[in-house]
Protein chains: 2
Amino acid sequence: MNIGELAERTGVSIRSLRYYEQKGLLTPLRKENGYREYTPFAVEQVQAIQLYLNLGLSTDEISGILQCVLQNKEAFCKDVLPIYQQKLQEIDKQIQVLTSIRANLTERIDSILLERSLSGQEEG
Amino acid sequence: MNIGELAERTGVSIRSLRYYEQKGLLTPLRKENGYREYTPFAVEQVQAIQLYLNLGLSTDEISGILQCVLQNKEAFCKDVLPIYQQKLQEIDKQIQVLTSIRANLTERIDSILLERSLSGQEEG
DNA sequence: CTTGACCCTCACATTAGTGTCAGGGTTTAC
DNA sequence: GTAAACCCTGACACTAATGTGAGGGTCAAG
């Protein structure tokens, strides 16, 4: 199928499909006229790519595991677990930072509300 | 003082000080030779900017409140509270997304570990 | 044989703060 | 008067996936 049909079937933009190819995630054949030619299996490939992107993996990380996971169960691909574990650490770090900022923000908000309830003043 | 001294006193790079000026957060005078001339008060200004950046505010958001908060208590500046509250909402949304991803990741990790403990296979 | 829908590549824009380099003045101390 | 240290502007790089547009082939239906 052509790129337009793959885009329609997967809901992924043509631009993104070309980008995935540039990053080595998809390698369609080319027709004589230069058009990309995708097999029906490409639909599953694209869905897998989207799934991993939604997990926060980068295209580079995905490229390292995509071939294996498309042909096996995840547990069978030795590269998947360390990537997941590293991503989990990053996520935890981000949550930690955000939680800290959140505490600071709520403290300041409460402080402002308290002061205003005491004096009732405000200005630009 | 010159920009180098301000950078040294605040621990903020010269590059960043110029950027803050470009974004309207600092407006030093200029000497006849074109050098930026900062008052001692600029040290407090830069520290305030850093504080708000660390709270996740953008330079645009900071520019809207900086003048007031440098001269008053936060509670006295009417623009501060809505910015804090909006930022809090964004943070909560981010934490929510990350938490969801985290749950998905740990589920997959556990699943992999479970499958491996049952079959003991792996491969690249 | 022309129109419209499809495809191609190349490349800039987006976010946001900071690093870094080029190319070039100024000042200070020797 | 020159070297070192300081300052200036302008501009590209970085991250990462995607949008968008220019400029230009291809194909299918009429």
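So you know, we letter chains A, B, ... as the sequences are listed, proteins then strands, and number each from 1. Heavy-atom basis, side chains included; hydrogens, waters and symmetry copies ignored.
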Taking atom C1' of C:dA16 as reference, at what distance in whole Å does atom NZ of B:Lys87 sit? 11 Å
When you measure from the side-chain N and O atoms of A:Ser13 to the phosphate of D:dT18, is any distance below 4.0 Å, counting only OP1 and OP2? no
Nearest to the side chain of B:Gln50 - C:dT18, C:dC8, D:dT18? C:dT18
Please determine if a side-chain N or O atom of B:Arg36 lies less than 4.0 Å away from the OP1 or OP2 oxygen of D:dC8. yes
Expressed as a whole number of angstroms, how long is the span from A:Arg30:CZ to D:dT26:P? 14 Å
Quick one: label B:Arg18 by what it contacts on the DNA or RNA (base, sugar-phosphate, nothing), any heavy atom closer than 4.0 Å. base
Answer yes or no: does a side-chain N or O of A:Tyr19 lie under 4.0 Å from OP1 or OP2 of D:dA17? yes
Considering only NZ, NE, NH1 and NH2 on the basic side and carboxylate oxygens on the acidic side, decide whether A:Arg30 and A:Glu37 come within less than 4.0 Å. no
The side chain of B:Arg15 lies closest to which of these nucleotides: D:dA11, D:dC8, C:dC8? D:dA11
Select from B:Asn33 and A:Ile14 the residue whose nearest nucleotide in DNA chain D is closer to the 5' end of that strand. B:Asn33
Side-chain-base donor-acceptor pair under 3.5 Å for B:Tyr35 and C:dG25: yes
Could you tell me whether B:Arg15 and B:Glu21 make a salt bridge, using a distance below 4.0 angstrom between a side-chain N and a carboxylate O? no
Send over the distance from A:Gln22 CD to D:dT18 C1', rounded to a whole Å. 12 Å
Whole-Å distance between C:dT27 C1' and B:Glu32 CD? 14 Å
Separation of D:dT15 atom P from A:Asp60 atom CG, nearest Å, is 10 Å
Between the CD1 atom in B:Ile49 and the OH atom in B:Tyr20, the distance rounded to the nearest 0.5 Å is 6.5 Å
Atom CD1 of A:Ile3 and atom P of C:dA5 are separated, to the nearest Å, by 19 Å
Just how far, in rounded Å, is C1' of D:dC7 from CD of B:Glu37? 13 Å
Check B:Ile83 against B:Glu61 and note the closest heavy-atom contact, atom names and distance. CD1-O, 3.8 Å
From B:Lys78 atom NZ to A:Ile112 atom CD1, the distance as rounded to the nearest 0.5 Å: 13.0 Å
Which whole-number value in Å describes the distance from B:Asn2 CG to D:dC8 C1'? 12 Å
Reckon B:Thr59 has a side-chain N or O less than 4.0 Å from the OP1 or OP2 of C:dG17? yes
